[in-house]
Every structure is written in structure tokens, then in C-alpha cells.
S.K.: 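I'd like to ask some things about the structure below.
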Amino acid sequence: MAVTVLVLRALGLGDLLTGVPALRALRRAFPGERLVLAAPPSLSELVPLIGAVDDLLPTSGLGELEWAGPPPRLAVNLHGRGPRSTTDLLALDPRELITHGQYPWRADLHEVDRWCGLLEYAGITTDRTDLGLSIDRLSPAPGAVVIHPGAAYPARRWPPDRFASVAKALARDGHRVVVTGGPDEVGLASNVASQAGLDDDAVLAGRTGLADLAALVADAALVLCGDTGVGHLATAFGTPSVLLFGPTPPRLWGPPPDARQHVTLWVGDVGDPHADQPHSGLLLLCADRVLAAARRLVGERVAHG
């Protein structure tokens with residue numbers, strides 16, 4: 001049995017995608033070893049697109065890490081600062097452990113930089129720009145404008161009527177517009193599509209797995225969403241995007257600042273990203289401003305082929 005590197009990142013889609021440079025750095029550093037990622041099973045369709053992970057160990061959160069076999073040669077905590085995440089890994093009795101505590105935690109770092117910095121402190125070379133994904137299928141809606149109104153917490157959700165206003169205008173401009181979301185966001189997506197005057201077949205929420213969603217974003221004309229995992233998919237594929245930030249600054253979770261195909265809109269207010277109401281700063285983003293940014297990006301894409 002191959003000696004194993006176990007990486008803990010039992011979080012969501014955006015967390016996985018911001019961890020891609022660190023995962024690839026570990027792959028390069030340990031080319032002959034089995035690299036296992038402990039992450040939620042809901043991400044299983046996306047993990048192969050990274051090209052660095054041999055196996056997914058289904059792990060829905062802290063306290064749920066179940067490891068069979070000999071202790072890992074190396075355990076890497078890409079989940080958090082501890083102590084719970086560190087305790088989960090120490091329980092496996094790894095020969096070596098990389099985790100914060102050895103390396104200072106800094107709240108002001110971009111999420112990509114945080115994990116690359118941890119590995120570099122341990123002597124592992126990283127490439128912070130290594131964010132791209134491969135794709136293994138065709139888009140269910142080639143060339144569409146993708147509207148993704150959902151987010152993990154209400155604090156990061158721009159109002160549905162504003163998404164609908166932008167969607168309606170872009171559809172009138174002649175673009176095919178589709179609305180995406182998870183199985184629990186079908187009602188939200190249907191509401192946006194209905195207000196925008198879109199047909200029922202424009203609602204892809206609940207009808208696409210992660211691999212199809214990735215293909216959709218990879219071949220989209222534009223992505224419009226909040227501070228959520230779909231925005232990180234747009235970054236991974238270089239797809240033009242308008243990203244609406246509320247309580248969290250784009251410098252901590254946004255696309256690379258030199259990637260000009262992405263527009264991040266943020267008024268400068270900071271708040272609780274887990275709150276149960278839309279953040280006040282997010283509500284200051286008006287539909288006209290968002291529409292103008294979307295039209296500019298789509299126009300640039302058309303002009304440059």
C-alpha cells in the first residue's frame with residue numbers, strides 16, 4: 001500500500017477551490033504517494049477536475065473524520081486554525097503534521113495565500129496562481145449568461161428582485177440567461193426567473209450536479225453571483241464574472257486582482273458573513289450598477305471573440 005498524505009478540508013465548494021494551489025503543491029512535493037482529501041461527499045464530482053487528488057475520503061465536517069488503515073505518513077490541516085481540526089488529525093497518529101500553531105494565523109490573508117503560506121512555512125513550494133480546473137463534459141447551456149442568486153448565508157444574498165432585474169435586461173439584450181442553484185434553491189431560482197420573464201427551462205437549479213455546473217460556468221458568456229462557490233468556478237475557468245460582495249472584502253475571498261475579466265463590487269463595509277439578513281453594504285449595490293458591469297464584460301468578450 002502506498003504511503004499516504006491526508007489533507008483535511010471538510011468545507012464547501014469555494015473552500016475547495018481556494019485550496020487547489022495548496023493541493024497541487026502537495027501533489028508535486030509528494031509525487032509517489034497517495035494523496036487523500038477528507039472533504040464532503042457532495043464535492044465528489046469536482047475533485048477529479050483538480051488533477052491532484054487520488055481519493056476522496058467522505059468527511060462532512062469536524063468530528064466526522066474516519067480513517068482506516070495505517071496512520072498517514074503526513075497529515076495536513078487545510079481546514080482551520082484548530083484546535084478541533086488539529087485534534088481530528090492527531091487522533092490518526094500521523095508521522096508528521098502540518099497545521100497552524102506551527103505557523104501564525106493571520107486574519108488579513110486571502111484564503112489562497114493562507115494555505116499556500118502554511119505549506120511554504122513547511123518548506124513546500126507553492127504557486128498561488130494555479131487555480132485552473134480541467135473540464136470533462138459539454139455545457140448544458142453553451143454560451144449562456146449564468147445567474148446564481150443563492151449563497152450559503154442570507155448575509156451574502158443580494159435580493160432576488162435585483163437579480164431578476166439584471167437577468168431581464170440581459171435577456172432583452174439577446175443573451176440566453178439561465179438561473180442556477182442547488183436542490184434547496186429551486187424556489188429561489190424559479191422566483192428570479194419568473195420575475196425576469198424567463199421560461200421554465202431557464203431554471204437549472206436542482207437539475208445540475210457539480211460537474212455539469214462546472215461545465216456550464218466554463219462555457220458561459222458571463223457569471224453573475226454573490227460571494228459564493230460559483231464565483232470561484234468562474235475564476236477557475238477564466239469566465240467573465242460580476243461578483244457581489246457584502247460583509248467580506250474581495251481581498252480575502254475574491255479573484256486575483258490582476259484578473260481583469262472579473263469585476264468585484266463592494267462598498268467597503270465589513271460585517272458578519274454568517275448573519276441571517278442581507279448585509280447592509282450588499283443592499284447598497286443597485287441593479288443599474290450591476291447591469292452596467294455585466295454589459296461591459298459581455299461586450300468585451302464579444303469584441304475579443
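Note that the coordinates shown come from a computational prediction; the quantities given were computed from them, not determined experimentally. These numbers come from the heavy atoms of this one structure, side chains and all, not from hydrogens, waters or symmetry mates.
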S.K.: Got a salt bridge between Asp201 and Arg207, using NZ or NE/NH1/NH2 to carboxylate O under 4.0 Å?
M.R.: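 No, Asp201 and Arg207 are not salt-bridged.
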S.K.: Is it true that Arg251 and Asp108 have a side-chain N and a carboxylate O under 4.0 angstrom from each other?
M.R.: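 A salt bridge is absent here (no side-chain N lies under 4.0 Å from a carboxylate O).
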S.K.: Return each pair, listed once, that meets side chain to side chain donor-acceptor pair (under 3.5 Å) where at least one residue sits in residues 138-162; pairs must be two or more places apart or across chains.
M.R.: His148-Thr180
S.K.: Between Ala196 and Ala164, which heavy-atom pair has the shortest distance, and what is it?
M.R.: CB-O, 3.5 Å
S.K.: Ignoring hydrogens, what is the shortest heavy-atom contact between Ala294 and Leu222? Give both atom names and the distance.
M.R.: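 Taking every non-hydrogen atom into account, CB-CD2, 3.5 Å.
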S.K.: Mind listing the closest non-hydrogen atom pair of Leu13 and Val230 along with its distance?
M.R.: CD2-N, 4.2 Å
S.K.: Between Arg9 and Glu111, is there a side-chain N and carboxylate O pair less than 4.0 Å apart?
M.R.: yes
S.K.: Give me the atom names and distance for the closest heavy-atom approach of Ala214 to Leu49.
M.R.: CB-CD1, 4.1 Å
S.K.: Ion pair present between Asp212 and Arg137, side-chain N to carboxylate O less than 4.0 angstrom?
M.R.: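 Answer for the salt bridge query: yes.
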S.K.: Got a second to check how far Leu118's CG is from Asp113's CG, nearest 0.5 Å?
M.R.: 12.5 Å
S.K.: Could you name each residue pair satisfying salt bridge (Lys or Arg N to Asp or Glu O under 4.0 Å) that touches residues 167-176, not counting sequence neighbours?
M.R.: Asp173-Arg295
S.K.: Just verifying a value: how many Å separate Leu17 CG and Ile50 CD1, rounded to the nearest 0.5 Å?
M.R.: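 It comes to 7.0 Å.
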S.K.: How far apart are the closest heavy atoms of Leu252 and Thr248, and which atoms are they?
M.R.: CB-CG2, 4.3 Å
S.K.: Does this structure show an ion pair linking Arg128 with Glu120, if we count only N-O contacts that are shorter than 4.0 Å?
M.R.: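 Salt bridge: yes.
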S.K.: Taking only residues two or more places apart in sequence or in another chain, which ones pass side-chain contact (heavy atoms from CB on, under 4.5 Å) with Val267?
M.R.: Asp269, Leu284, Leu285, Arg289
S.K.: For the residue pair Trp105 and His100, categorise the inter-ring angle as parallel (less than 30°), tilted (30 to 60°) or perpendicular (more than 60°).
M.R.: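 Perpendicular, since the angle between the ring planes exceeds 60°.
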